[in-house]
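Notes to accompany the following structure.
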Amino acid sequence: MEAKSIIAPLLRWYARHKRDLPWRHGVSPYRVWLSEIMLQQTTVQAVIPYFLKFTEKYPDVRALAAAPLEDVMRDWAGLGYYSRARNLHACAKAVAASGSVFPDDLKSLPGIGDYTAGAIRAIAYGQKASVVDGNVDRVISRLFAIETPLPASKPEIRAIAERIYLSDANTDPSGLPQAFMDLGATICTPQNPKCVSCPLTGVCMAKAQNLHNELPRRASKKARPKRVGWVYWVENRGQVLIHRRPASGLLGGMAGLPTSDWNLEPEYPPHAAGFTAVADTGASVRHVFTHFELTLRIVRARVKIPAEGYYWGDPNEAGMPSLFKKVAKTIT
DNA sequence: TGTCCACGTCT
DNA sequence: AAGACGTGGAC
C-alpha cells in the first residue's frame, strides 16, 4: 500500500477532528516533553489534571529543575510509574544546566527513549520522525492485517511505520503522529473500532477481511501472582507514621505507610521489628500492580522509636501513591 | 468479577 | 533481553 493513500486522508481527518488537549496549546519543547513523559503508559484523561497542575506550578524547565525532588514526587503521586517523576526531575536539571535547551541527542536524557524522542522531535520541532506508540501499533496492525501477534510483530510494524513517517507524502511531520494517535484513541479503538467513521476504512486490510475486531492478536499474558501482607496505621497526636521509600524499586522514592513484607499470610498479631500491634481492624485494601496483585490488611500499631526514613505527617498531604491513599481512606 | 489498554524506559 | 514498574476506566 502506498504511504500517500494513508497519509492524505488521515491528515484531512485530523484537521477536522483533532482533540483539543492542553499540551496542544502554546506548544513548546518543555510542554511537549512534559506531556509525553506523563502520557507514557497512561491515558489522556488521567494526565490532563496533572499536566495542568505541573505547568501552573512549574511553567518552564528551569522552575521544575529548581524544585526539590520530594515536591515533584508528591505532585506526581497517583499518576503511577514513579521512576518517571524521578527521571523527569533529573532531566529538567540536565536541560536547565544547558541553558534550558534540549540537546539533539534526546535519548541521552533520563526518561526519554525511542518513542518520546521521536514525539518531541516531530511535535515540538516539526522534524520527520517515526513515532510508534500503542495506538500506532494497533492502527498499523489493522491497516496491514498483520496476523503475527504482538509483540512479535513489532519489527514489522516499526518498518511500516517508518516508511510512512519518512515518506515524501508526509507533508506534516508534527501532525501525522498525532493524527495516528488520535485515530487510535477515538476511532481505531481496541474494542469495537468505529470503522464507519474512519477515514482509512477504504484502505484497511483488516476491515476488508472482516478482521477489524480480531486484530491485533496478542501473545497470551502470564497470570498475575497474588501477594499479601500487613500495613501499619500508627497514630500520634493527630499524625501518622509515614515511610519514605527507597529511591529505586516499587513505588520508589514515594512517601508511603509502613508495611510488612508482602508474601506473609496476615495472621494476627503481626510481629514486625519495631511495631507493636494494637488492634486488627479486619479491613484490607486490594491493589493491582503490573506484575502482581496485593492485599494489605490494616493493623493499628505503635512504635517505640521511628527508624531512619520514617517520620510523622498528615497522610492526606504526604502525596502518597494510590495504594496508601486507599488505606488512609479506609481507616479515616 | 476479570481482562484489556499499555512499547515505554530502564536495568 | 526479559522482567520490573501503577493506575483507573471500559467493557
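Here the structure is a predicted model, which is why all the values come from computation and not from measurement.
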Between [X] and [N], is there a side-chain N or O to OP1/OP2 distance below 4.0 Å?
{"X": "R217(A)", "N": "dC4(B)", "result": "no"}
{"X": "Y82(A)", "N": "dT7(C)", "result": "yes"}
{"X": "R138(A)", "N": "dA6(B)", "result": "yes"}
{"X": "T42(A)", "N": "dG6(C)", "result": "no"}

Taking N and O atoms by type only, does the side chain of T290(A) place a donor or acceptor under 3.5 Å from a partner on the base of dG6(C)?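 Between dG6(C) and T290(A), which were checked side chain against base, a qualifying N/O pair under 3.5 Å is present.
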
What is the distance, rounded to the nearest whole Å, between atom [atom1] of [X] and atom [atom2] of [N]?
{"X": "Y115(A)", "N": "dT9(B)", "atom1": "OH", "atom2": "P", "value": "8 Å"}
{"X": "N87(A)", "N": "dA4(C)", "atom1": "CG", "atom2": "P", "value": "19 Å"}
{"X": "Q191(A)", "N": "dC4(B)", "atom1": "CD", "atom2": "P", "value": "9 Å"}
{"X": "D137(A)", "N": "dG8(B)", "atom1": "CG", "atom2": "P", "value": "8 Å"}
{"X": "R224(A)", "N": "dA6(B)", "atom1": "CZ", "atom2": "P", "value": "15 Å"}
{"X": "I37(A)", "N": "dC7(B)", "atom1": "CD1", "atom2": "P", "value": "17 Å"}
{"X": "R227(A)", "N": "dA4(C)", "atom1": "CZ", "atom2": "P", "value": "8 Å"}
{"X": "K107(A)", "N": "dC7(B)", "atom1": "NZ", "atom2": "C1'", "value": "12 Å"}

C1' atoms of dC7(B) and dT11(B), separation to the nearest Å: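 That atom pair is separated by 16 Å.
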
Of the listed nucleotides [options], the one nearest the side chain of [X]:
{"X": "Q40(A)", "options": "dC7(B), dG8(B), dC10(B)", "result": "dG8(B)"}
{"X": "F289(A)", "options": "dT9(B), dG6(C), dG8(C)", "result": "dG6(C)"}
{"X": "H291(A)", "options": "dT9(B), dG6(C), dC5(C)", "result": "dC5(C)"}
{"X": "Q45(A)", "options": "dG8(B), dG9(C), dG6(C)", "result": "dG9(C)"}
{"X": "D133(A)", "options": "dA6(B), dG8(B), dT7(C)", "result": "dG8(B)"}
{"X": "Y81(A)", "options": "dC5(C), dG2(B), dT9(B)", "result": "dC5(C)"}
{"X": "R218(A)", "options": "dT9(B), dG6(C), dC7(B)", "result": "dC7(B)"}
{"X": "S322(A)", "options": "dT7(C), dC5(C), dT9(B)", "result": "dT7(C)"}
{"X": "H287(A)", "options": "dG8(B), dG6(C), dG2(B)", "result": "dG6(C)"}

Considering every strand and a 4.0 Å limit on heavy-atom distances, what is the contact class for [X]: base, sugar-phosphate, or nothing?
{"X": "D114(A)", "answer": "sugar-phosphate"}
{"X": "G252(A)", "answer": "nothing"}
{"X": "R158(A)", "answer": "base"}
{"X": "P110(A)", "answer": "sugar-phosphate"}
{"X": "V132(A)", "answer": "nothing"}
{"X": "L150(A)", "answer": "nothing"}

What distance do L64(A) atom CG and K57(A) atom NZ have between them, rounded to the nearest 0.5 Å?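 NZ of K57(A) is found 10.5 Å from CG of L64(A).
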
DNA chain B stem ranges, 3 or more consecutive Watson-Crick or G-U pairs under 3.5 angstrom: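 DNA chain B forms these stems: B:2-5 with C:8-11, B:8-11 with C:2-5.
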
Hydrophobic clusters here meaning ILVMFWY residues chained together by side-chain heavy-atom distances under 4.5 Å, can you tell me if W230(A) and W233(A) are in one?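 Cluster IDs for W230(A) and W233(A) differ.
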
Under a single-linkage definition using a 4.5 Å side-chain heavy-atom cutoff for Ile, Leu, Val, Met, Phe, Trp and Tyr, are W312(A) and M320(A) assigned to the same hydrophobic cluster?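 Looking at the clustering, M320(A) is in a separate group from W312(A).
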
W23(A) vs F51(A) aromatic rings, parallel, tilted or perpendicular, using cut-offs 30° and 60°?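 Answer is perpendicular, since the angle exceeds 60°.
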
Is the ring pair Y30(A)/W33(A) parallel, tilted or perpendicular, if the boundaries are 30 and 60 degrees?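 Rings of Y30(A) and W33(A): tilted, as their planes differ by 30° to 60°.
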
Can you see which heavy atom on A185(A) is nearest to which on R19(A), and at what distance?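 Closest pair (atom of A185(A), atom of R19(A), distance): CB-NH1, 3.5 Å.
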
On DNA chain C, nearest-nucleotide positions of T43(A) versus N192(A): which is more 5'?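 Looking at DNA chain C, the more 5' nearest nucleotide goes with T43(A).
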
Is there a side-chain contact between P199(A) and R12(A) in this structure, where contact means two heavy atoms from C-beta onward sitting under 4.5 Å apart?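 Counting from C-beta outward, P199(A) and R12(A) never come under 4.5 Å.
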
Is the closest side-chain donor-acceptor distance between N87(A) and R84(A) under 3.5 Å?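 Short answer, no.
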
Residue that, paired with L39(A), satisfies side chain to side chain contact (heavy atoms under 4.5 Å, CB included) out of V47(A), T116(A), D133(A):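 Of all the options given, the one that passes is V47(A).
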
